[in-house]
Participant: 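Before we start, here is the structure in question, set down as structure tokens.
Side chains are part of it too, since the values below use all heavy atoms of this structure and drop only hydrogens, waters and symmetry mates. Chain letters run A, B, ... following the sequence lines, proteins first and then strands; every chain starts at 1.
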Protein chains: 2
Amino acid sequence: MTPEVTPETTRVAIIAGAGALPAALAPCLDRPLICALDGYAPQGLTPDMTFRVERLVPFFAALEQAGVNTVTFAGAVQRPRLDPALFDPATAQLVPRLFAAMQAGDDATLRAVIALFEEAGFAITGTADIAPDLVPAAGLLTGALTDQDEKDADRAAVITQALGAVDVGQGCVVAQGLCLATEALPGTDAMLAQVADLPAALRPDPGRGRGLFYKAAKPGQDLRIDLPTLGPATVAAVARAGLGGIAWQAGHVICLDRPAMIAAAERAGLFLWAR
Amino acid sequence: MTPEVTPETTRVAIIAGAGALPAALAPCLDRPLICALDGYAPQGLTPDMTFRVERLVPFFAALEQAGVNTVTFAGAVQRPRLDPALFDPATAQLVPRLFAAMQAGDDATLRAVIALFEEAGFAITGTADIAPDLVPAAGLLTGALTDQDEKDADRAAVITQALGAVDVGQGCVVAQGLCLATEALPGTDAMLAQVADLPAALRPDPGRGRGLFYKAAKPGQDLRIDLPTLGPATVAAVARAGLGGIAWQAGHVICLDRPAMIAAAERAGLFLWAR
């Protein structure tokens, strides 16, 4: 006999993608079920269950069987290549919906995936609910801001909102009002590496303001899923890019290992600013 | 005695920046005065006059002296480093205005520069007026379009408009609905080189649509100045990036050496589409 699942019992499945977030969330939950996409082992966690997108409906059944009624999505998942031979009949029915969403961009894909889990009866919970400490509220975490930094953050916020509104990216780099780079599919690391490689002739004089990396959720983004994430590696990449610090939308961005981020920022002389 | 300059006499100064546009415009004009920023020799032309931004007001006087009443801006100019010691008193008065514009981005800088020339009594004329053949109207110049290309161009136009509205860039790369790159300060060549270097895992399956480079003027852009420009080198960079073609906003983009662009596109199997 399996134990009866009452509505009072919450068991959360962590759908674990790349990065350190799944392992940071697991200790905050009671008996979480760790689930990973087949072929993508989560960092620092052993999956209880693996699944494939082609077999999403059987995966829903397995979650229910394990007593899961709530799901959280943690960490990025690269859009997987799908193998038509692996679809079960029920998941195959979902293909037109999934493909249409994938055509329309990452946000649309995530919204479609959330909707499928919800239609299957699962509640969705987000990082800010499970571990509020991971999502800093407004404040300067370390360093000092110049007037130019504040202006650059204003401009970067406007640019990031424009990019997010067309579902392109969640960040950009601005120095002295100039947009040195914007984030698209290749992501933050690629963008910061481009800035690091930028010829000096194309950069404004660093003596008058080093510029910043800005990160924000997309306008209208479902905050239960896919919040933008910063971590110690981001701080290192921002230092290599020769910028003065990181600013982000308070309450909408995950900071992984905040003490390590602050220590790295202090060593590199950078500011960290939730605004 | 110098010949009297009557209002009927139009003498155009070409403010020649980088690239092949100044040399393409010069033969379309009667006795153009070729002007170049000190230190930036124009390609294929010998300047009649060089000038420095720090001495803009004396430059206005020299233009007038040479019988110039109309100015056209041709080719990109990198934002020059200014030497405070070189300012003449009259140009120094303009510094707060110029610097405020430079802070607000490239568009604002160009608008401010246009306004200064107009206030000094010069008319501004654009490439489309001088050489309409350089600015193609709507039509497919070469190649064939798939349904996916048309969808990608629609999405790219929306993204480019959003980027342009916040004065960031004038182009992006879209493949199968996904935005692979957006243009910021480093420019088109840097963006297309990034796409060429993109790991295969981050690209959508090229068998289902190779994607395109899209170029447009910024919304509300002054079409007399700084139209985005494509040329044979752009076609080569798009081919190296593994894309299927180039689409652009008809009537708003300069095509330098159209026959060479079409020949290069045909060799590489790319489409060229003014839409």
Side-chain angles (χ1 to χ4, degrees), chain A residues 78-82 99-106 108-109 147-148 151-152 154-169 172-187 189-191 193-195 197-205 208-209 211 219, chain B residues 78-82 99-106 108-109 148 151-152 154-169 171-187 189-191 193-195 197-205 208-209 211 219:
Chain A
Q78 279 192 6
R79 96 197 4 250
R81 297 287 162 94
L82 302 178
F99 279 23
M102 286 169 125
Q103 291 282 323
D106 283 345
T109 304
D147 287 353
Q148 186 63 58
K151 279 187 217 162
D152 283 347
D154 287 343
R155 174 138 168 76
V158 168
I159 292 169
T160 305
Q161 179 162 20
L163 282 172
V166 291
D167 195 11
V168 166
C172 68
V173 171
V174 170
Q176 294 171 47
L178 301 171
C179 181
L180 304 188
T182 53
E183 196 180 303
L185 189 71
D189 294 348
M191 178 182 66
Q194 287 159 24
V195 174
D197 290 344
L198 213 54
L202 270 179
R203 296 182 80 121
D205 175 10
R208 291 177 39 225
Chain B
Q78 279 194 6
R79 104 198 355 255
R81 296 290 162 90
L82 302 179
F99 279 24
M102 285 170 124
Q103 291 284 321
D106 284 345
T109 304
Q148 185 63 58
K151 280 188 216 161
D152 284 347
D154 287 343
R155 174 141 168 73
V158 169
I159 292 169
T160 305
Q161 179 161 21
L163 282 172
V166 291
D167 195 10
V168 167
C172 69
V173 171
V174 170
Q176 294 170 47
L178 301 171
C179 180
L180 304 188
T182 53
E183 196 181 303
L185 189 70
D189 293 348
M191 178 183 67
Q194 288 159 24
V195 174
D197 289 344
L198 214 53
L202 271 179
R203 295 182 80 122
D205 174 10
R208 290 178 37 228

Participant: Could you tell me whether the side chain of B:T182 reaches within less than 4.5 Å of the side chain of A:M191, counting heavy atoms only?
Facilitator: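 No. Closest side-chain heavy atoms not under 4.5 Å.
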
Participant: Of the listed residues (A:A162, A:C172, A:P204), which shares the most heavy-atom pairs with chain B below a 4.5 Å separation?
Facilitator: A:A162

Participant: State the CG-CG distance between A:D147 and A:D152, to the nearest 0.5 angstrom.
Facilitator: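 Here the rounded value is 11.0 Å.
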
Participant: What part of A:Q148 lies closer than 4.5 angstrom to a heavy atom of chain B: side chain, backbone, both or neither?
Facilitator: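 Answer is side chain: those atoms of A:Q148 sit under 4.5 Å from chain B.
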
Participant: So, for B:R155 and A:D167, which heavy atoms are closest and what is the spacing to 0.1 Å?
Facilitator: NH2-O, 3.2 Å

Participant: Using non-hydrogen atoms and a 4.5 Å limit, figure out which bit of B:A165 sits close to chain A: side chain, backbone, both or neither.
Facilitator: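 Nothing of B:A165, per the 4.5 Å heavy-atom cut-off to chain A.
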
Participant: Based on non-hydrogen pairs under 4.5 Å, which of B:A201, B:A190, B:C179 is most in contact with chain A?
Facilitator: B:C179

Participant: For each of B:Q176, B:Q194, B:R203, B:E183, tally heavy-atom pairs with chain A at distances under 4.5 Å, and name the one with the top tally.
Facilitator: B:Q194

Participant: What part of A:L198 gets closer than 4.5 Å to chain B, counting heavy atoms only: side chain, backbone, both or neither?
Facilitator: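 Answer is side chain: those atoms of A:L198 sit under 4.5 Å from chain B.
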
Participant: Can you tell me which portion of A:L163 sits under 4.5 Å from chain B's heavy atoms? Options are side chain, backbone, both or neither.
Facilitator: side chain

Participant: Working to the nearest 0.5 Å, report the span between CG of B:D205 and CG of A:L82.
Facilitator: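 B:D205 CG to A:L82 CG: 11.5 Å, rounded to 0.5 Å.
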
Participant: Which atoms form the tightest heavy-atom contact between B:L202 and A:L185, and what is the distance?
Facilitator: O-CD2, 3.1 Å

